[in-house]
Amino acid sequence: MSEATASNEQVSAQSDSLAVNRREFLNLAWLASLGFLTLQVGGYTLVFAYPRFKEGEFGGIFTYGPVANLPEVNASPENFPKVKFWISHTDVGIVALYKVCVHLGCIYGWSDQEFKFICPCHGSQYEYDGTYRQGPAPRSLDQFVIQIVDENGNELARTPDSGGPVALPDNPNAVVRIDTGAKIIGENHA
Ligand code: FES
């Protein structure tokens, strides 16, 4: 074999080896990006699979307890400051009213003397069931969805999609749950 032929074969072997290395590198890079993508998708799936709020904290589901524990019809509304709502027991059912005034976001209060909710900031007033009464607020109070379930967790009643009181089932052991992540916007007044 001539010297020139030997040198050509050497160059050819080197370029083959470079091509293999490049191919290996591209394969590795492709596998790495596939692995990264899989991890990312898996991470997002986990984030969305788990509830963002724990049961009992604001933003999650609050279990009130049995229907038998509710205040009497037209008694003072029950205040739940940590989960930011009032429960009013009207003669057609119960409502869970979000504690934030729909005018500019102040925390309104309840007046037993006047039997209405009153906002200290600009004087908006709301009825026992959250209906707008007077003042600069543009609408009735917002409310949370209430679900009432039996001892086995089967739903017996739920706040209507358009809001308003939910009628109580004839089962004193049924459990009242309030979903503070499901807000129904109050109705605008004329
Ligand atoms: S924030 Fe309640 S009346 Fe203005």
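Indexing begins at 1, ligand by ligand and atom by atom, following the structure's order.
Aromatic ring centres of Tyr98 and Phe85 lie farther apart than the 6.0 Å criterion allows.
Closest to atom 1 (S) of ligand 1 among all protein heavy atoms lies Leu104 N, 3.2 Å.
Atom 4 (Fe) of ligand 1 lies closest to atom ND1 when only the N/O/S atoms of His103 are considered. Shortest distance from atom 4 (Fe) of ligand 1 to His122 is reached at ND1 (N/O/S atoms only).
If you check the side chains of Asp112 and Ser76, you find a donor sitting under 3.5 Å from an acceptor.
Under 4.0 Å from ligand 1, heavy atoms of Cys106 appear from its side chain as well as its backbone.
Taken together, Cys119 and Cys101 fail the criterion of an SG-SG distance shorter than 2.5 Å.
When each of Phe144, Phe80, Phe117 is checked for a ring pair (Phe, Tyr, Trp, His ring centres under 6.0 Å) with Trp86, only Phe117 meets the rule.
The closest donor-acceptor contact from the side chain of Tyr132 to the backbone of Gly186 lies at 3.5 Å or more, if one exists at all.
The contact set between ligand 1 and Cys119, taken as ligand atoms under 4.0 Å from a residue heavy atom, comprises 1 (S), 2 (Fe), 3 (S). Here is the list of ligand 1 atoms found below 4.0 Å of a heavy atom in Ser124: 3 (S).
Taking backbone and side-chain atoms together, Cys101 has an N/O/S atom less than 2.8 Å away from atom 2 (Fe) of ligand 1. Among the atoms of Cys121, none of the N, O or S atoms falls under 2.8 Å from atom 4 (Fe) of ligand 1.
Between Asp142 and Arg139, at least one side-chain N (NZ, or NE/NH1/NH2) sits under 4.0 Å from a carboxylate O, which counts as a salt bridge.
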